[in-house]
Amino acid sequence: MLKHTFLHIPRIGKLTEQKFWQAGIQTWDDALQVPNYAKLGIPELLIKSFLADSYLALEQHNISFFSKLLPSLETWRLYPKFSHNLSLRVAYLDIETSGVNSYLDNITVIGVYDGTVVKQYVNGQNLMAFRDDIEEFDLLVTFNGKVFDVPVLQAAIPKLHMPKAHIDLRYVLKQINLKGGLKSIERQTGFAREQDELGQLDGYDAVLLWRLHRRGDPRALPTLLRYNAEDVVGLKPLLELACNQLTKVLPLDYAQYSILSRINSRA
DNA sequence: CATTATGCAGAATGCAAGGG
DNA sequence: CCCTTGCATTCTGCATAATG
């Protein structure tokens with residue numbers, strides 16, 4: 001998807017990019033072979049120098065080059081290319097706190113899913129290890145993390161270096177008419193959790209579970225951790241669903257970029 | 001060459017919505 | 001429950017293209 005992207009070039013916005021695609025300029029390679037730029041309204045030199053930089057950034061796995069230039073609604077474009085051909089480390093992240101008054105409340109649990117394994121950090125146990133661990137990742141995926149998780153983490157943990165690229169699914173999913181909270185979206189997409197007691201929990205229950213845990217209930221923390229784990233693991237199929245759907249509506253030969261066939265078999 | 005239309009970037013503003 | 005943020009919207013200014 002990235003090699004179809006022209007949006008990151010100055011003076012090229014959504015409309016100009018669409019014109020490129022419709023004119024048959026679908027990839028960076030196409031753009032370099034265009035004989036006559038007169039009709040496109042953008043200086044040829046600007047395009048070619050930017051594309052040279054783009055090829056270089058891709059070769060060097062420099063994801064922050066693109067993430068800085070892409071509008072945040074389009075950050076999803078980082079995922080298919082980088083996750084397929086390059087060894088990009090993706091961190092799906094979700095935190096639980098003792099309440100919603102952001103800066104007064106404490107972080108209770110941090111969950112990080114790397115696509116294979118969930119690692120969790122618990123207040124009073126290993127919360128500070130998160131600071132070192134998160135630096136191993138290139139791309140962050142959250143739901144509403146731009147508003148909630150990342151600011152809260154940064155306020156709580158000094159000298160925290162979060163990944164430079166961040167896909168916030170809240171805004172990405174909104175484009176395909178998936179609005180509301182994470183639980184609601186999981187229901188709408190058929191990715192809802194199993195119908196056991198865990199599926200009934202919401203964020204406020206996470207607050208209550210933490211209080212129970214502090215009062216000495218031995219069953220509270222394991223339940224909270226399972227809840228948090230399901231949250232982070234659930235982010236991945238949602239991201240891949242969004243990538244597939246958003247790619248589909250573009251005037252591109254998209255078939256080869258479909259990420260997951262697995263998704264559809266679960267619904 | 002002058003004029004006009006177009007569309008992008010950037011700034012400013014107000015508000016909706018999601019987190020636990 | 002409350003707060004923060006980024007988004008959407010609007011406006012301005014600029015650069016380019018098209019026209020004759």
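Per chain, numbering begins at 1; letters A, B, ... match sequence-line order. Remember, it's a predicted structure, so these values are computed and weren't measured experimentally.
- Regarding A/Ile110, its CD1 atom lies at a distance of 14 Å from the C1' atom of B/dG20, rounded to whole Å.
- With DNA chain B read from its 5' end, the first of the two nearest nucleotides for A/Ile12 and A/Asp149 is the one closest to A/Ile12.
- Residue A/Leu208 belongs to a hydrophobic cluster whose other members are A/Tyr204, A/Val207, with links defined by side-chain heavy atoms closer than 4.5 Å.
- Among the heavy atoms of the strands, none lies under 4.0 Å from A/Ser98.
- Close to B/dG20, at under 4.0 Å from its OP1 or OP2, lies no side-chain N or O of A/Thr108.
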For a quick test of your reading: what N or O donor-acceptor pairs under 3.5 Å do the side chains of residues 140-147 of chain A make, sequence neighbours left out?
| residue | atom | partner | partner atom | Å |
| --- | --- | --- | --- | --- |
| A/Thr142 | OG1 | A/Gly145 | N | 3.1 |
| A/Thr142 | OG1 | A/His166 | NE2 | 2.7 |
| A/Asn144 | OD1 | A/Arg170 | NH1 | 2.7 |

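- Across the protein-nucleic acid pair, A/Leu173 atom CG and C/dG6 atom P stand 18 Å apart, rounded to whole Å.
- Using the six-membered ring where Trp is involved, A/Phe50 and A/His8 have ring planes that are perpendicular, over 60° apart on the 30 and 60° scheme.
- Here B/dG19 presents its P atom at 15 Å from CG of A/Leu153, a figure rounded to the nearest Å.
- Residues passing the salt bridge (Lys or Arg N to Asp or Glu O under 4.0 Å) test with A/Asp133 are A/Lys119, sequence neighbours excluded.
- Listed by chain and residue number, nothing satisfies the side-chain hydrogen bond (donor to acceptor under 3.5 Å, both in side chains) test with A/Trp210 (two or more places apart in sequence, or in another chain).
- A search for side-chain hydrogen bond (donor to acceptor under 3.5 Å, both in side chains) contacts involving A/Asp29 returns A/Tyr55, not counting sequence neighbours.
- Remark: A/Asp149 engages no residue in a salt bridge (Lys or Arg N to Asp or Glu O under 4.0 Å) (not counting sequence neighbours).
- Contact check on A/Asp53 versus A/Lys48 returns no salt bridge, with no Lys/Arg side-chain nitrogen under 4.0 Å from an Asp/Glu carboxylate oxygen.
- Per the geometry, OH belonging to A/Tyr171 stands 10 Å off C1' belonging to B/dG19, to the nearest Å.
- Qualifying ring-ring contact (aromatic ring centres under 6.0 Å, His included) partners for A/Phe65, counting only residues two or more places apart in sequence or in other chains: none.
- With rounding to whole Å, A/Trp210 atom CH2 is found 15 Å from B/dG20 atom P.
- Bending across the helix from B/dC1-C/dG20 to B/dG20-C/dC1, expressed as the angle between its end axes from five pairs apiece, amounts to 30° (10° rounding).
- A/Leu56 belongs to no hydrophobic cluster with other residues, because no ILVMFWY side-chain heavy atom falls under 4.5 Å from its own, directly or through intermediates.
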All N/O pairs under 3.5 Å across the protein-nucleotides 12-15 of chain C interface:
none

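- Residue A/Asp94 has its side chain nearest to B/dG20 when only C/dT5, C/dC7, B/dG20 are considered.
- In this structure, the CD1 atom of A/Ile47 is 13 Å from the P atom of B/dC8, given to the nearest Å.
- Defined by atom type and a distance below 3.5 Å, a donor-acceptor pair is missing between the side-chain atoms of A/Tyr227 and A/Glu96.
- Applying the salt bridge (Lys or Arg N to Asp or Glu O under 4.0 Å) test to A/Glu74 and every residue at least two apart in sequence or in another chain returns A/Lys14, A/Arg77.
- Distance A/Leu7 CG to B/dG7 P: 16 Å, rounded to the nearest Å.
- Spacing between atom OH of A/Tyr227 and atom P of B/dG20 amounts to 5 Å, rounded to whole angstrom units.
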Is there any protein nitrogen or oxygen under 3.5 Å from a nitrogen or oxygen in nucleotides 12-18 of chain B, and what are the pairs?
| residue | atom | partner | partner atom | Å |
| --- | --- | --- | --- | --- |
| B/dA17 | O4' | A/Arg170 | NH2 | 3.0 |
| B/dG18 | OP1 | A/Gly180 | N | 3.1 |
| B/dG18 | O5' | A/Gly180 | O | 3.4 |

